[in-house]
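Below, read A as the first sequence line, B as the second, and so on, with proteins coming before strands; counting in each chain starts at 1.
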Amino acid sequence: MQIARPRGTRDILPEEALRWRQIEDLIHHLCRLYGYGEIRTPVFEATELFLRGVGEATDIVEKEMYTFQSKGQRGRSLTLRPEGTAPVARAYLENNLHARPQPVKLYYFGPMFRYDRPQAGRYRQFHQFGAEVLGTDHPAADAEVIALAMAFFKALGLDGLQLQLNSIGCPLCRPVMREKLVEYFSVRVAECCPDCRQRFSRNPLRLLDCKEKVCREVGSQAPNPVDCLCPGCGEHFRQVRRYLDLMRLPYTLNPRLVRGLDYYTKTAFEIIVPGAGAQDAVGGGGRYDGLMQAIGGRAVPGVGFALGLERTLRLMEKQSASPEVPGPTVFVASAGETQDVVTKLVGDLRAAGLAADRDYMGRGLRAQMRYAQKLKAAYVLLAGEEELQRGRVILRDMQTGEQKEIRLEDAVNVLRAVAGK
RNA sequence: GUGGGUGUAGCUCAGCCGGUCAGAGCGCCAGACUGUGGAUCUGGAGGUCGUGGGUUCGAAGCCCAUCGCCCACCCCA
């Protein structure tokens with residue numbers, strides 16, 4: 001049996017790697033424009049960080065974490081990171097970033113791991129681009145991270161994305177919200193799905209975003225969380241929307257957009273692709289003013305997002321053309337016993353900064369030409385016995401088919417000139 | 001974790017009720033054109049028919065199991 005890659009993982013081959021490169025370049029470029037600095041945290045962390053930073057009652061923690069014992073007698077429990085925010089929050093605290101000018105604006109890019117059943121747009125190792133603004137609860141920060149996320153998609157030329165927005169309040173308004181929901185649902189839970197009957201006691205907010213038809217039906221007249229916001233949260237929400245309007249970022253209010261955990265506060269948003277099937281969310285985020293304390297630090301407000309890059313790639317494939325795989329600038333072909341010259345020439349060309357390649361299959365000249373074409377070489381330098389006796393090689397333009405003899409010693413310079421380098 | 005579909009050459013797939021069924025196209029390599037790409041023609045390499053059992057005189061095709069992939073549920077990115 002051949003060894004295959006683990007389930008839910010992928011190999012990224014050269015053609016696709018180009019797209020990744022394109023995306024990565026864009027991420028770094030955009031974040032520079034928006035004033036975010038890159039942070040790289042370990043791919044594994046103490047399990048405890050996610051238990052507390054993601055929430056013990058979440059699917060992620062309950063069944064999707066790759067957790068293992070570290071080596072050694074008292075090896076602690078470690079977990080491959082299932083998301084990026086908790087590690088960034090941890091790093092903020094651990095490196096005393098609160099001592100820097102606030103807010104601290106960070107972005108990250110890298111693999112995340114979740115044990116889940118793979119499906120279109122869902123993998124066990126997947127990549128996220130995320131950004132966080134730490135140390136301020138100013139509504140303009142909420143608007144900025146949203147703007148950055150949207151700018152990313154726009155720069156990739158992706159259309160039809162929808163920004164959904166909601167506010168889920170703070171520990172002050174949450175009890176009110178909860179009470180109203182309990183009141184509304186208490187006489188109706190019986191009709192809901194089994195999951196929701198459980199959620200009812202644990203986390204009534206979650207009843208709102210259940211995808212079951214019956215539950216949607218039952219919840220259709222449910223109180224809107226936004227109506228329960230305390231004055232502070234209400235004002236914050238108004239400000240966020242005002243800033244989004246100022247930046248001409250359209251959004252759709254979605255009162256059913258909910259985060260389950262207490263340290264998620266105020267702004268919640270999601271970016272979806274209508275009609276993309278089951279995995280229609282390409283990104284999401286929100287404010288988490290309670291997170292830092294939940295993982296044992298001081299109270300530091302934060303807001304951020306995470307975008308799924310596999311899903312972004314998927315969209316790009318549907319919506320835009322593939323980038324051309326660039327070929328070598330020059331292919332050095334051989335006719336007769338000229339291998340030594342070819343070897344030297346390729347080396348010289350490369351040393352001069354020109355992308356050069358050659359045959360390694362012992363092909364005849366005809367086959368070398370065919371090969372050069374398949375590689376998409378712009379030029380062919382033909383080292384033929386006859387010409388070499390006169391100190392010449394042939395330069396052929398593969399686009400036009402024109403060719404001429406040039407002096408071997410001039411080859412590198414001529415190529416450099418003709419390739420514009 | 002649940003349900004449905006699927007697995008034959010590198011790729012896309014054909015293979016009828018089990019009996020020359022190991023196939024096609026594309027790709028790869030080569031030749032025709034012995035020193036010149038794109039077109040055409042010809043030839044070649046390449047497959048334990050996902051894997052392991054079972055039924056049978058005989059299995060790619062039937063049965064069971066297992067693994068992978070796809071789609072959906074759940075959840076998320």
Sort out the partner of [N] for me: Watson-Crick or G-U wobble, both distances under 3.5 Å, none otherwise.
{"N": "B:C76", "value": "none"}
{"N": "B:U42", "value": "B:A30"}
{"N": "B:G23", "value": "B:C13"}
{"N": "B:C69", "value": "B:G5"}
{"N": "B:G61", "value": "none"}

Quickly work out the [X] [atom1] to [N] [atom2] distance and round it to whole Å.
{"X": "A:F113", "N": "B:A77", "atom1": "CZ", "atom2": "C1'", "value": "14 Å"}
{"X": "A:R366", "N": "B:A32", "atom1": "CZ", "atom2": "C1'", "value": "8 Å"}
{"X": "A:D280", "N": "B:A72", "atom1": "CG", "atom2": "P", "value": "11 Å"}
{"X": "A:Y371", "N": "B:G35", "atom1": "OH", "atom2": "P", "value": "20 Å"}
{"X": "A:D357", "N": "B:G37", "atom1": "CG", "atom2": "P", "value": "19 Å"}
{"X": "A:D116", "N": "B:C71", "atom1": "CG", "atom2": "P", "value": "14 Å"}
{"X": "A:Q403", "N": "B:G35", "atom1": "CD", "atom2": "P", "value": "15 Å"}
{"X": "A:M361", "N": "B:A45", "atom1": "CE", "atom2": "C1'", "value": "11 Å"}

Short side-chain N/O contact to [N] OP1/OP2 from [X], under 4.0 Å:
{"X": "A:R370", "N": "B:G38", "answer": "yes"}
{"X": "A:K63", "N": "B:C76", "answer": "no"}
{"X": "A:R117", "N": "B:C75", "answer": "no"}
{"X": "A:Q119", "N": "B:A72", "answer": "yes"}
{"X": "A:K376", "N": "B:G37", "answer": "no"}
{"X": "A:R7", "N": "B:C69", "answer": "yes"}

Assess whether one donor atom and one acceptor atom, taken from the side chain of [X] and the base of [N], lie less than 3.5 Å apart.
{"X": "A:R396", "N": "B:G37", "answer": "yes"}
{"X": "A:R122", "N": "B:C75", "answer": "yes"}
{"X": "A:E64", "N": "B:G1", "answer": "no"}

For a quick check of understanding: with a heavy-atom distance under 4.0 Å over all strands, which category does [X] fall into, base, sugar-phosphate or nothing?
{"X": "A:Q125", "answer": "nothing"}
{"X": "A:A367", "answer": "sugar-phosphate"}
{"X": "A:I394", "answer": "base"}
{"X": "A:G364", "answer": "nothing"}
{"X": "A:R363", "answer": "sugar-phosphate"}
{"X": "A:Q368", "answer": "nothing"}
{"X": "A:L307", "answer": "nothing"}
{"X": "A:A372", "answer": "nothing"}
{"X": "A:E385", "answer": "base"}
{"X": "A:G84", "answer": "nothing"}
{"X": "A:G336", "answer": "nothing"}
{"X": "A:E83", "answer": "nothing"}

Gap in Å between the two [atom1] atoms, one belonging to [N] and one to [M], rounded:
{"N": "B:U40", "M": "B:G47", "atom1": "P", "result": "28 Å"}
{"N": "B:A14", "M": "B:A9", "atom1": "C1'", "result": "13 Å"}
{"N": "B:G23", "M": "B:G61", "atom1": "C1'", "result": "15 Å"}
{"N": "B:G46", "M": "B:G5", "atom1": "P", "result": "37 Å"}
{"N": "B:G53", "M": "B:C17", "atom1": "P", "result": "27 Å"}
{"N": "B:C70", "M": "B:C13", "atom1": "P", "result": "14 Å"}
{"N": "B:A60", "M": "B:G7", "atom1": "P", "result": "15 Å"}
{"N": "B:U66", "M": "B:C21", "atom1": "P", "result": "34 Å"}

RNA chain B: 5'-proximal contact among A:G283 and A:M398 (nearest heavy atom): A:M398
By nearest heavy atom, map A:A120 and A:Q399 onto RNA chain B; which one lands nearer the 5' end? A:Q399
Distance-only donor-acceptor check, side chains A:T267 and A:S167, under 3.5 Å: no
Strictly by modelled atom types, are A:Q339 and A:S334 linked by a side-chain donor-acceptor pair under 3.5 Å?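 Result is yes, a qualifying pair exists.
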Can you confirm if the NZ or CZ of A:R358 lies within 45° of the ring axis of A:Y360 and under 6.0 Å from the centre of its six-membered ring?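 That pair qualifies as a cation-pi contact.
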Check whether any side-chain heavy atom of [X] lies under 4.5 Å from a side-chain heavy atom of [Y], and answer yes or no.
{"X": "A:Q239", "Y": "A:H138", "answer": "no"}
{"X": "A:Y108", "Y": "A:E132", "answer": "yes"}
{"X": "A:V332", "Y": "A:V341", "answer": "no"}
{"X": "A:Y251", "Y": "A:D245", "answer": "yes"}

Identify whether the glycosidic angle of B:G38 places it syn (within 90° of 0) or anti. anti
Shortest non-hydrogen pair, A:L349 vs A:A356, comes out as CB-CB, 3.8 Å
State which of B:C75, B:C28, B:A77 makes the closest approach to the side chain of A:K374. B:C28
Any chance CZ of A:R32 has more than 12 other-residue heavy atoms, nucleotides or ligands included, within less than 6.0 Å?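 It does not: A:R32 CZ has 12 such atoms or fewer within range.
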